[in-house]
Amino acid sequence: MRCFRKRSAIPVLGVLIICLLFMNLYIEDEYVLEEEDKHLRDTSTHQLGSDRYIHTIRNLSNLSSSINVTYRILAGMPLSRKRYLTIGLSSVKRKKGNYLLETIKSIFEQSSYEELKEIMVVVHLAEFDSTWCESIVQDISRKFSHHIIAGKLTIIHTPMEFYPMLEGLKRNYNDPDDRVKFRSKQNVDYAFLLNFCANLSDYYLMLEDDVRCSKNFLTTIKKVITSRKGSSWVTLEFSKLGYIGKLYLSNDLPRLAHFLLMFYQEMPCDWLLIHFRGLLAQKDAIRFKPSLFQHMGYYSSYKGAENKLKDDDFEEDACDIPDNPSASLNTNMNVFENYEPIKAYSSTEEYFWAKSPSSGDFYHIAFEKPIKINKIKVCTGTEDRQNDILHHGTLEVGERVVGNKKGKKCTTYLRLGDFKNGNFEMENIDRKVLFNIDCIRILLTKNQIEWLIIKSISIWTTEPMNQ
């Protein structure tokens, strides 16, 4: 059985993306790699902006079209109904160990019955050894036949004829030839996987074939996406390792697939993903904690070398994740640079930062619909800026929203309590507040010379009260 994806033509969007790439590939990426890799980072940025690739970019008619490739469907078939999340795995034959089946098992076992209705798993067997592929397909089909029949699991393969040249490639960073070939092919493997998954769901999650998942990871991901509603992002990261747990909007997959294919021989995939994120104007990583995915393999897919990397932020049962319902956020404080209010209202490593606030200044949350709240926790300051806390302030809840989207507020407020040592935490709020809550307001009660960091705002809800 074969699946054929045709090209589409959206010239205007294509020109815009090409211009975006053309302009940004020359910009120094201060945020691409860690400080110890600065030389390699600068070299990679220069190479992506070199004259050799300008011709490639200019002649690429449309970065939003699908790559013209014919796939072999080895098992299963995606259902016509679009899912919420597609999870993509690319796997090759390893010299030592094979963790693919354990990874698939973890995905399904750590998901509830309701979550499984919204998940689609696509496995790309990116191996040219047909005997190995057939053996893996048989193993997966025996163990996960019910998921294949239900349309939750599909196995694909891209024939060798669609791959670009993999011999005699450029030896960037003094990598040996076999290392260059391995990482270059890996970029193409992922490009073809992304291309196949582009229209299967609303979101796409990139995993490696040797990870284990935290319990109910999809529910946590949905909470994070909901809390960031109204803000723009390219990549949300749910692990700090490589390309494990990287979440994308499915609309961006064709562009990312083309990008990996264009620069497949230049650098490793995780470096290219950072470049891509920057080209679409997300300068900083948005990483969720605790991590939802853990590397479990002991041997690398490259030559069977030892790979003991572990994510020390991983929690297998991250059950106490806040709900943070969709809301409009605003403040009258003097915000420092791009440390916007949204950065406090999520479980990422970002925060809100304002210059020396005054008495009467506020940080305001207006929910899209009335909710019943069980618990609120607000943390201010950080480890390296321990004095940038809320020294004198109170937290209030309100009802009856008025105003427009940018300036919503409530007509009445009820004071819940004061901040102590820069923090506020209260449980069983639903037993103390008799009305459905429309707003939360953090209010300063005294001037402070110090700046203010709101590190995190966490809200746990219960079922809304009957009206």
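When reading the values below, keep in mind they use all heavy atoms of this one structure, side chains included, and skip hydrogens, waters and symmetry mates.
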Take S214 and Q110, measure what side chain to side chain donor-acceptor pair (under 3.5 Å) needs, and give me the verdict at the end. CA-CA 6 Å; S214 68; Q110 296 290 63; over 6 Å; no
Candidate pair H124 and S91, rule side chain to side chain donor-acceptor pair (under 3.5 Å), full reasoning: CA-CA 6 Å; H124 182 206; S91 188; over 6 Å; no
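Aromatic rings of F192 and F162 (six-membered ring for Trp) have centroids beyond the 6.0 Å cut-off, not under it. Ring centroid separation for the pair H147 and F108 comes in under the 6.0 Å cut-off.
Of the possible polar contacts, one joining the T103 side chain to the V211 backbone as a donor-acceptor pair under 3.5 Å is found. The main-chain N or O of N423 is never found under 3.5 Å from a side-chain atom of T380 such that the two would form a donor-acceptor pair. Looking only at distances, no side-chain donor or acceptor of E118 sits under 3.5 Å from a matching main-chain atom of E115. In this structure a side-chain-to-backbone donor-acceptor pair under 3.5 Å is missing from N251 to L253.
In this structure, the salt bridge (Lys or Arg N to Asp or Glu O under 4.0 Å) partners of K185, at least two apart in sequence or on a different chain, are D189. M160 is linked by a side-chain contact (heavy atoms from CB on, under 4.5 Å) to F128, counting only residues two or more places apart in sequence or in another chain.
Checked for salt-bridge contact, E114 and K117 meet the test: a charged N lies under 4.0 Å from a carboxylate O.
In this structure, K369 places its NZ atom where only 12 or fewer heavy-atom neighbours from other residues, nucleotides or ligands lie under 6.0 Å away.
For the pair Y203 and L236, the minimum side-chain heavy-atom distance is 4.5 Å or more.
Remark: K246 fails to qualify as a cation-pi partner of F238 under the 6.0 Å distance and 45° angle criteria applied to the six-membered ring.
The one candidate from F259, W271, F263, Y243 that meets the ring-ring contact (aromatic ring centres under 6.0 Å, His included) condition with F276 is F259.
Scanning both residues, P357 and L452, for their nearest heavy atoms gives CG-CB, 3.9 Å. Pairing each heavy atom of K375 with each of E425, the nearest pair is CE-OE2, 3.3 Å.
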